[in-house]
Peer 1: 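The structure that follows is given in the form of structure tokens.
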Amino acid sequence: MIVLGIETSCDDTSVAIVNSKGSVLAMAVASQDEVHMPFGGVVPEIAGRNHSENLIPLIDTVLQKAQMEWDKIDGIAVTNRPGLVGSLIVGLVTAKTLALVKNKKLIGVHHIEGHLMAPFLSDQDYVGPGFYQQPFAALIVSGGHTQLYKVESFGNYKLIGQTVDDAAGEAFDKFAKKIGLGYPGGPLVDKISANGNPVAFKFPEPMSKSNDFNMSFSGLKTFANNLISKMNEAEIENNKADLCASYQMAIVNSLITKTENAMVNHGLKKLVISGGVSANTALRKKAEELCQKLNFDLAIPPLRYCTDNAAMIAFTGLKKFENGESSDQSLSLSPSSELQNL
Ligand code: KG4
Ligand code: ZN
């Protein structure tokens with residue numbers, strides 16, 4: 001089976017073609033980072049307009065890259081939840097129209113379920129593990145989400161922990177804005193942290209002592225804002241690397257501690273980390289150390305499948321088609337985010 005996936009939930013437009021083994025036959029992403037950079041965050045109206053300009057040319061590009069005609073495509077998978085309504089609708093209407101005109105099967109995919117499946121993709125340079133039918137823990141960390149799932153098998157998900165306020169990516173982005181780094185902040189904080197001392201500043205790790213697996217990042221952000229407000233420009237500049245490294249470490253420690261506690265409590269021995277923040281160098285290193293220490297299996301996708309991409313949507317849709325699921329032309333969108341036993 002071969003499926004074409006479409007992802008337009010936030011600010012990245014992406015199209016990909018994937019086969020039953022999870023092999024990515026072609027993928028293209030049009031990033032809008034530069035368009036939104038002057039505004040310091042995603043402007044929904046601009047995101048929607050750019051998706052409608054980018055999407056059809058990307059579909060043509062991907063078909064050409066895979067050297068494929070429409071008759072080889074068995075179905076179309078599209079992100080229909082959660083996300084920005086004006087962004088989701090561009091992908092959804094395009095997918096529904098193509099399904100109708102080209103006479104293809106259609107399936108709506110939850111964006112978070114896509115992130116969950118991203119580590120199991122493969123291509124010429126990456127081969128994912130095959131354990132998605134076995135129980136595993138999944139930490140989804142992106143600009144909009146920070147959630148811990150217990151996955152019994154494909155399609156069987158239980159939310160066991162989540163942020164009670166800001167997402168981890170949001171905490172990175174707001175901090176970066178505060179110290180004048182620009183948008184999106186996560187990759188910039190990550191890069192600058194390489195030259196900094198992670199214990200130079202002591203940031204709080206909220207909820208580290210709580211018995212549940214929930215997290216909180218807004219107190220950390222407020223603490224950082226207060227600290228930076230007391231510094232002059234030269235002090236911020238001179239301490240930038242240490243500030244970034246220390247702030248990053250507080251986020252990473254919180255994510256890793258909660259993940260470890262949740263896995264031990266739920267008897268899980270395999271871990272998947274996905275979403276934009278899983279590109280973070282310190283998080284990847286700490287996750288490797290954790291899994292080595294406790295003899296857990298770890299799967300974190302390469303950067304191209306960490307951030308928003310259509311390959312993960314195509315693969316998730318394909319597995320749903322294989323399970324006998326499909327959507328019809330009444331498929332609608334939803335901004336709501338919880339993925340529970342879908
Ligand atoms: O999954 P994603 O591409 O989009 C959403 O669904 O939100 O995640 C984007 C988020 C942004 O907040 C960005 O700053 C963060 O992922 N991010 C990172 C890194 N690369 C991207 N955060 C920390 N370190 C990174 N290297
Ligand atoms: Zn995402």
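Atoms within a ligand are numbered from 1 in the order they appear, just like the ligands themselves. Keep in mind the model is a prediction, meaning the values are calculated, not measured. Both backbone and side-chain heavy atoms feed into the values below; hydrogens, waters and symmetry mates do not.
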Peer 1: Does ligand 1 have any atom that is closer than 4.0 Å to a heavy atom of H111?
Peer 2: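 Within the 4.0 Å threshold, so yes.
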Peer 1: So if I count the atoms of ligand 1 from 1 in the order they appear, which ones are less than 4.0 Å from some heavy atom of G144?
Peer 2: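 Answer for ligand 1: 7 (O).
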Peer 1: Where the closest heavy atom to atom 7 (O) of ligand 1 is concerned, which of A167, A171, G143 has it?
Peer 2: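 Checking each option, the heavy atom nearest atom 7 (O) of ligand 1 is found in G143.
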Peer 1: Near T307, which atoms of ligand 1 are under 4.0 Å from a heavy atom of that residue?
Peer 2: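 By the 4.0 Å cutoff, the relevant atoms are 3 (O).
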Peer 1: Starting from atom 11 (C) of ligand 1, which protein heavy atom do you reach first, and at what distance in Å?
Peer 2: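 Protein heavy atom at minimum distance: D173 OD2, 3.5 Å.
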Peer 1: Any N/O/S atom from H111 (main chain or side chain) under 2.8 Å of the Zn ion (ligand 2)?
Peer 2: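 An N, O or S atom of H111 is closer than 2.8 Å to the Zn ion (ligand 2), so yes.
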Peer 1: Can the ring centroids of F315 and Y305 be said to lie less than 6.0 angstrom from one another?
Peer 2: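 Centroid distance F315-Y305: not below 6.0 Å, so no.
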Peer 1: Provide the number and element of each atom of ligand 1 under 4.0 Å from a heavy atom of S142.
Peer 2: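 So the answer, numbered in order with elements, is 1 (O), 5 (C), 6 (O), 7 (O), 8 (O).
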Peer 1: If the test is side chain to side chain donor-acceptor pair (under 3.5 Å), which one of K150, E113, E152 qualifies with Y157?
Peer 2: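 The passing option is E113.
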Peer 1: For a side chain to side chain donor-acceptor pair (under 3.5 Å) check, start with the C-alpha distance between K258 and S210, then their side-chain angles and the critical distance, and finish with the verdict.
Peer 2: CA-CA 9 Å; K258 291 295 174 163; S210 70; 2.8 Å; yes
Peer 1: Please write down residue, atom name and distance for the protein heavy atom closest to atom 24 (N) of ligand 1.
Peer 2: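 Result for atom 24 (N) of ligand 1: N280 ND2, 3.0 Å.
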Peer 1: Among residues two or more places apart or on two chains, list those pairs meeting salt bridge (Lys or Arg N to Asp or Glu O under 4.0 Å) that have a residue in residues 38-53.
Peer 2: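 Those involving residues 38-53 are E45-R49.
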Peer 1: Going by the atom numbers of ligand 1, which of them fall below 4.0 Å from some non-hydrogen atom of D190?
Peer 2: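 So the answer, numbered in order with elements, is 24 (N), 25 (C), 26 (N).
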Peer 1: Just checking, any donor-acceptor pair under 3.5 angstrom between side chains of D165 and S216?
Peer 2: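 Their side chains do contain a donor-acceptor pair, which is all the 3.5 Å distance test asks for.
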Peer 1: Taking the non-hydrogen atoms of C10, is any one of them nearer than 4.0 angstrom to ligand 1?
Peer 2: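 No; C10 lies far enough from ligand 1 that no heavy-atom distance drops under 4.0 Å.
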Peer 1: Using a distance threshold of 2.8 Å, state whether an N, O or S atom of C10 lies below it from the Zn ion (ligand 2).
Peer 2: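 No N, O or S atom of C10 is closer than 2.8 Å to the Zn ion (ligand 2), so no.
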Peer 1: Report yes or no: does H115 have a heavy atom closer than 4.0 Å to ligand 1?
Peer 2: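 For ligand 1, residue contact (heavy atoms, under 4.0 Å) with H115 is present.
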Peer 1: Show me which atoms of ligand 1 lie under 4.0 Å from any heavy atom of G169.
Peer 2: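 Going through ligand 1 atom by atom, the ones under 4.0 Å from G169 are 12 (O).
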Peer 1: Please identify which atoms of ligand 1 are closer than 4.0 Å to at least one heavy atom of F172.
Peer 2: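 So the answer, numbered in order with elements, is 22 (N), 23 (C).
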Peer 1: Any idea which atoms of ligand 1 are less than 4.0 Å away from a heavy-atom of V277?
Peer 2: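 By the 4.0 Å cutoff, the relevant atoms are 15 (C), 16 (O), 18 (C), 22 (N).
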Peer 1: Relative to the heavy atoms of A279, which atoms of ligand 1 are at a distance of less than 4.0 Å?
Peer 2: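 Once the distances to A279 are compared, the set is 20 (N), 26 (N).
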Peer 1: Ignoring hydrogens and geometry beyond distance, is a side-chain donor-acceptor pair present between Q162 and H145 at under 3.5 Å?
Peer 2: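 No.
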Peer 1: Taking only residues two or more places apart in sequence or in another chain, which ones pass side chain to side chain donor-acceptor pair (under 3.5 Å) with D297?
Peer 2: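 Once residues adjacent in sequence are excluded, the partners of D297 under the side chain to side chain donor-acceptor pair (under 3.5 Å) criterion are K270.
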Peer 1: Looking at the Zn ion (ligand 2), which N/O/S atom of D308 is the nearest one?
Peer 2: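 Result: OD1.
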Peer 1: Check the side chains of N309 and S14 for a donor-acceptor pair under 3.5 angstrom, ignoring hydrogens and angles.
Peer 2: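 No donor-acceptor contact under 3.5 Å links the two side chains.
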Peer 1: Within the 3.5 Å criterion, strictly below it, is a donor on E7 or T79 matched to an acceptor on the partner's side chain?
Peer 2: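 Looking only at side-chain atoms, T79 and E7 do form a donor-acceptor pair, the distance falling under 3.5 Å.
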